[in-house]
Amino acid sequence: MPYVDRQNRTCGFLDIEDGENGRFLRRYFILDTKANYLLWYMDNPQNLPSGTGAVGSLKLTYISKVGSATVKQKPKVPFCFVINALSQRHFLQASDQKDLQEWVDALNSASKITVPRPGSGPATETGSTTVEDKKSQTAYKTEIIAGVVVQTPIITQNGGEPQDTSHCETHTHAALRRTQSQIPLPVNKSLPTRSILKSGFCVKQGNMRKNWKRRYFILDAVSISYCKCEKDQVPLRIIYLREILKTHECLVKSGDLLMRDNLFEIITGPRTFYIQADSPQEMHSWIKAINAAIQTLRMRYRVCMISV
């Protein structure tokens, strides 16, 4: 889900279609209304080397419309929406319908566009359509040619939606794996009896070098562990729940931690683990899941002691 960072920018992960091969690639997006740009990076810039620039950008004033992609446009890509900018269309994929709607609303608000929600009446797009009659509207395509803004009417058929003159995408796009706790973990041969309570990617601070790396975390009934990726069968480290003293949002920050959003800490006797989630919702979800697992483990221990 998108969230607002300390600089009042809307941030979060989305998958964007590669214009060359049609694949959807995982990128970190920043909607910066002050700079008037939508930027996307390989990862959260906080986790990239200093000075790493964006891999893509789009000026907000170039955006003419943002809305859900039609089934005809992307028949096999769920939760897909499209950004129309000048003569180009950028297809992006959200994690779910709520994520899609929040990004569409944020982009339309930033670019001063009003679009109708499903089931609501027609709305006017600022700078794109002029309403002379509620029953009759004309859609225009906005382009900038030689520095001049040009609006061209889009031919409609039988008063319906504008004709899509581009070729229909018929092949299946392979979506890059998204960081979602709901994605089931493949069977782990080294730990065949594990019952996964929650899993997903987070960023953790190293113990010695204090660098930040993205890891795949797995919470089960007795431990929380992390690997380099989902397919790894042997975790890099296992933190047993019985060793955890406290898990909560990291509020007291200094140094490198000061600029980290969505940060929580797992406190054990020998070490405190600093972990950064991708959104505030995901951070609170991890804290709640870990604490619940600890409580369940303690209750099971008490029941066993009573039965003995």
Side-chain angles (χ1 to χ4, degrees), residues 1-3 12-13 26 28 43-44 46-47 94-96 98-99 175-207 210-253 257 260-305:
M1 295 293 175
Y3 71 96
F13 282 96
R26 187 74 167 164
Y28 187 85
D43 195 359
N44 188 330
Q46 294 178 345
N47 306 322
S95 58
D96 53 37
K98 184 180 179 181
D99 189 29
L176 188 67
R177 289 188 303 274
R178 298 187 295 277
T179 306
Q180 294 299 315
S181 303
Q182 294 78 14
I183 298 177
L185 183 72
V187 177
N188 193 325
K189 295 181 180 179
S190 61
L191 298 168
T193 59
R194 298 182 75 178
S195 177
I196 306 303
L197 302 177
K198 183 176 176 61
S199 61
F201 281 99
C202 292
V203 178
K204 63 167 288 294
Q205 186 188 55
N207 187 29
K210 303 301 180 184
N211 53 348
W212 294 83
K213 292 185 179 180
R214 185 168 290 274
R215 295 289 183 252
Y216 190 77
F217 284 78
I218 305 163
L219 173 66
D220 61 30
V222 297
S223 68
I224 179 171
S225 59
Y226 54 86
C227 315
K228 285 186 177 181
C229 63
E230 295 175 71
K231 294 183 179 180
D232 287 355
Q233 298 180 357
V234 180
L236 296 173
R237 181 159 188 153
I238 299 176
I239 308 169
Y240 290 101
L241 299 183
R242 66 174 183 268
E243 299 175 352
I244 297 177
L245 303 176
K246 198 170 184 180
T247 301
H248 57 73
E249 182 179 358
C250 182
L251 298 176
V252 181
K253 301 177 183 178
L257 303 180
R260 295 272 166 181
D261 297 312
N262 318 318
L263 192 69
F264 66 99
E265 54 187 1
I266 299 176
I267 302 175
T268 66
R271 177 184 172 186
T272 297
F273 295 84
Y274 293 101
I275 302 171
Q276 183 183 22
D278 290 339
S279 67
Q281 296 87 348
E282 192 68 8
M283 176 193 67
H284 291 299
S285 176
W286 273 109
I287 295 173
K288 183 178 180 180
I290 294 171
N291 287 330
I294 293 174
Q295 291 299 322
T296 302
L297 182 65
R298 290 174 179 173
M299 290 179 62
R300 288 170 54 192
Y301 176 75
R302 291 169 187 167
V303 171
C304 291
M305 292 298 293

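In this text the structure is predicted, and so the values were computed from the model without any measurement.
- Here CD of Glu243 is found 11.5 Å from CD1 of Ile266. Values are rounded to the nearest 0.5 Å.
- Going from atom CZ of Arg237 over to atom NZ of Lys204 covers 8.0 Å, rounded to the nearest 0.5 Å.
- Within 6.0 Å of atom CZ in Arg300, 12 or fewer heavy atoms from other residues, nucleotides or ligands are found, so the atom counts as exposed in its surroundings.
- Heavy atoms from other residues, nucleotides or ligands lying under 6.0 Å from NZ of Lys210 number more than 12.
- For the atom pair CZ of Arg242 and CG of Leu297, the computed distance is 8.5 Å after rounding to the nearest 0.5 Å.
- Under a 3.5 Å cut-off, the side chain of Arg260 and the backbone N or O of Gln46 do form a donor-acceptor pair.
- Shortest non-hydrogen contact noted between Leu219 and Ile290 is CD2-N, 3.8 Å.
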Run the side-chain contact (heavy atoms from CB on, under 4.5 Å) check on Trp286 and Ile224 step by step: do they pass? CA-CA 11 Å; Trp286 273 109; Ile224 179 171; 4.1 Å; yes
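- Atom CG of Asn47 sits about 11.5 Å away from atom CD of Gln205, to the nearest 0.5 Å.
- Note that the CG atom of Leu251 and the CG atom of Leu263 stand 9.5 Å from one another [nearest 0.5 Å].
- Ring pair Tyr216/Phe201 is perpendicular by interplanar angle, where above 60° counts as perpendicular and below 30° as parallel.
- Counting all heavy atoms, side chain and backbone alike, Asn262 lies closest to Tyr3 at ND2-CZ, 3.3 Å.
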Under the side-chain contact (heavy atoms from CB on, under 4.5 Å) criterion, do Ile275 and Phe217 qualify, and how do the steps go? CA-CA 10 Å; Ile275 302 171; Phe217 284 78; 3.7 Å; yes
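- Of all non-hydrogen atoms in Cys250 and Glu265, the two that sit nearest each other are SG-OE1, 4.1 Å.
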Dump the intermediate steps for side-chain contact (heavy atoms from CB on, under 4.5 Å) on Asn207 and Phe273, then the final yes or no. CA-CA 8 Å; Asn207 187 29; Phe273 295 84; over 6 Å; no
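- Closest non-hydrogen pair, Thr247 versus Asn291, comes out as O-ND2, 3.3 Å.
- In this structure, the separation between OG1 on Thr268 and OH on Tyr240 is 13.5 Å, given to the nearest 0.5 Å.
- Inter-residue side-chain proximity for Lys228 and Lys213 is flagged as unmet; no heavy-atom pair is nearer than 4.5 Å.
- With salt bridges taken as basic N to acidic carboxylate O contacts below 4.0 Å, one links Arg214 and Asp278.
- A salt bridge links Glu282 with Lys198; the closest basic N to acidic carboxylate O contact falls under 4.0 Å.
- The two residues Cys227 and Asp232 have their closest heavy-atom pair at CB-CB, 3.7 Å.
- Here the closest non-hydrogen pair linking Met283 and Phe264 is CG-CD2, 3.7 Å.
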